[in-house]
Amino acid sequence: MKKIVIEGGKTLTGSIRISGAKNSAVALIPASILCDEETTIYSVPEISDRDDLIKIIELLKGKVMVEKDTLYIDSKNVESSFIPENLSTKLRASYYFMGALLGKKKRVEISLPGGCKIGDRKIDIHLKAFQALGATIKECRDKYIIEADKLIGTKIYFDFASVGATINTMLAAVKAEGTTIINNAAKEPEIVNVATFLNNMGAKITGAGTSRITIEGVEYLHKAMIEVIPDRIEAGTYIIIGALLGKELYIENIIKEHLMSLLNKLQEIGIDITEKEDGVIINHPKKMRGVNITTLIYPGFPTDLAQPISVLLTQCEGTSVLEETIYTNRMGQVPYLNSMGADITVQNQIAYIKGPTPLYGNDVTASDLRAGASLVIAGLIAQETTTISEVEHILRGYEHIVEKLSSVGASIKIIEN
Ligand code: EPU
């Protein structure tokens, strides 16, 4: 079992380069199997989710060549439409093979996806969209067989602007007969990245990034390439770290527009941010004010940054109110932060955070990916040593986190025991 050990209190100076976005890459890799020729994906982060998705493509009889952060994928000979439970349950994004295989083979047999346990993560909106396109769904003990003689474009309305359902519906509809319109689609930048990839292959998708996406079906998808966009959540995590410990800490390779809600909130808190063309320079200020934050779908404040920013709020003056509205159980970091000295109470996914409180190192556990990231942040500002268990959650989503933080002056290492 791996653990992360941190000696807190070090000032961080230098530059951290942001990797390709996990939540884009994990959709682009399954999307590649829709191609009738070869695809190339650049800037894929080296995280364990990437490796699990490659295993799935190879099992389906596709070929994948990895050269540093570039994937060359040949999915011409994808035969199988079956994904075994031991692979599908390893990560959430295995569900993108539902849309991709349905689009390519008109059939998929797959168990429920895995992923962080942060609430009831239903997939009813995905399944309703597949049905609307003409698929039938058989469900038996958490396993789904989804198939269709043919898929026919239609108008679909989402009850909730789900990121996963928006991408999955694009994947299923891209080779359907006729035109599909998704109303109340999600608008996250990762959706635009996937639509661009499919359009590079010859798909006809318009409106990605707005709440109405139109997909005109095509028969053939040709050779194409795509670059994964920079990870706005990884960037946000390091920007928050800079707000707490930065001295001219430069976070580079970011798209600032994707981070507007965070940057505006940090300004409200009193953080010193200098914008550069390709990044931001962050300095820890003398004084930080508490603020209220509510997580919302994009372009609102991202749920994936609520846990990391909860640590920053423990160091702000006054009571901050942090409300999580997307998931029903995303406060797994709170008991551990309190064990380190924070003063946080949670009621109905609303955290009341009183600050500032000094934090002290402790033995803590990463209950999920972003809870783990928040414990890394807490360890970095805490006095003495913090040891984090179950770090596999963190390594699923943050490429080279230990190396990146060490390179700017943090005292952080991974141990095996
Ligand atoms: N929902 C339903 N029914 C559905 C789909 C979603 O009720 O059919 C509900 C979920 O239960 C959840 C909410 O809608 O409460 C949000 O779900 P959404 O489908 O938008 O999220 P997702 O596709 O499951 C992706 C990211 C998450 C990120 C969310 C929101 C991936 C693999 N996951 O999840 O990332 O929080 O969008 O932006 O892309 C993370 O990176 O830590 C993470 C959890």
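Every number for a ligand or one of its atoms is a count from 1 in the order of the listing.
- A salt bridge does not link K22 to D231: none of the charged side-chain nitrogens sits closer than 4.0 Å to a carboxylate oxygen.
- Within ligand 1, counting atoms from 1 as listed, the ones closer than 4.0 Å to a heavy atom of I123 are 4 (C), 8 (O).
- With salt bridges taken as basic N to acidic carboxylate O contacts below 4.0 Å, one links K128 and D159.
- When non-hydrogen atoms are compared, ligand 1 lies under 4.0 Å from neither the backbone nor the side chain of E234.
- For ligand 1, the atoms closer than 4.0 angstrom to any heavy atom of G164 are 19 (O), 23 (O).
- Annotation: side chain of M288 is in contact with side chain of I271 (closest heavy-atom distance under 4.5 Å).
- Protein heavy atom closest to atom 21 (O) of ligand 1, with residue, atom name and distance, is Y327 OH, 3.6 Å.
- Counting protein heavy atoms only, atom 41 (O) of ligand 1 is closest to R370 NH2, 2.7 Å.
- Counting heavy atoms from C-beta outward, I16 and E252 have side chains that stay 4.5 Å or more apart.
- Not a single heavy atom of I233 sits under 4.0 Å from any atom of ligand 1.
- Heavy atoms from both the backbone and the side chain of V163 come within less than 4.0 Å of ligand 1.
- Ring orientation note: the planes of H126 and Y95 are tilted relative to one another, at an angle of 30° to 60°.
- Partner of C116 under the side chain to side chain contact (heavy atoms under 4.5 Å, CB included) criterion, out of R330, R92, R121: R121 alone.
- Of the heavy atoms in D124, both backbone and side-chain atoms come closer than 4.0 Å to ligand 1.
- Residue contact annotation: K22 has a non-hydrogen atom under 4.0 Å from ligand 1.
- Of the N and O atoms on the side chains of E190 and S24, not one donor lies less than 3.5 Å from an acceptor on the other residue.
- Which parts of ligand 1 touch I326 is read off a 4.0 Å heavy-atom cut-off, strictly below it: atoms 12 (C), 13 (C), 15 (O), 16 (C).
- Atom 4 (C) of ligand 1 is approached by the protein to below 4.0 angstrom, counting heavy atoms only.
- Counting protein heavy atoms only, atom 19 (O) of ligand 1 is closest to S162 OG, 2.6 Å.
- Of the protein's non-hydrogen atoms, the one nearest atom 8 (O) of ligand 1 is I125 N, 2.7 Å.
- An N or O contact shorter than 3.5 Å is missing between V26 and ligand 1 by distance.
- Look at Y298 and you'll find every heavy atom at least 4.0 Å from all atoms of ligand 1.
- The part of L369 lying near ligand 1 is the side chain, judged by heavy-atom distances below 4.0 Å.
- Two residues are said to be in side-chain contact when any heavy atoms from C-beta on lie closer than 4.5 Å; D36 and K76 fail this criterion.
- Using a 4.5 Å heavy-atom threshold, the side chains of T386 and M340 count as touching.
- Protein heavy atom closest to atom 43 (C) of ligand 1, with residue, atom name and distance, is D304 OD1, 3.4 Å.
- Residue-ligand proximity, I118 to ligand 1, at heavy-atom distances under 4.0 Å covers atoms 44 (C).
- Listed by number with element, the atoms of ligand 1 under 4.0 angstrom from any heavy atom of R92 are 24 (O).
- If you check the side chains of S320 and K354, you find no donor sitting under 3.5 Å from an acceptor.
- Looking only at heavy atoms of the protein, atom 35 (O) of ligand 1 is closest to N23 ND2, 3.1 Å.
- The distance criterion of under 3.5 Å between nitrogen or oxygen atoms is met by D120 with respect to ligand 1.
- The part of F160 lying near ligand 1 is the side chain, judged by heavy-atom distances below 4.0 Å.
- Contact check for E323 versus I293: no side-chain heavy atoms found under the 4.5 Å cut-off.
- Heavy atoms of F158 found under 4.0 angstrom from ligand 1: none, in either backbone or side chain.
- Between the side chains of T303 and E324, at least one donor-acceptor pair of N or O atoms lies under 3.5 Å.
- Distance from atom 24 (O) of ligand 1 to its nearest protein heavy atom, with residue and atom name: Y95 OH, 3.2 Å.
- In this structure, L127 falls outside the shell of residues with a heavy atom less than 4.0 angstrom from ligand 1.
- Counting heavy atoms only, K122 comes closest to atom 6 (C) of ligand 1 of the residues E324, K122, R121.
- Side-chain atoms of T328 and D120 form no donor-acceptor pair, as typed in the model, at a separation below 3.5 Å.
- Remark: distances from the non-hydrogen atoms of R330 to ligand 1 include one below 4.0 Å.
- Applying the 6.0 Å contact sphere to NZ of K10 captures more than 12 heavy atoms from other residues, nucleotides or ligands.
- E7 and T385 share a side-chain donor-acceptor pair at under 3.5 Å.
- R370 and Y398 share a donor-acceptor pair across their side chains, judged by distance under 3.5 Å alone.
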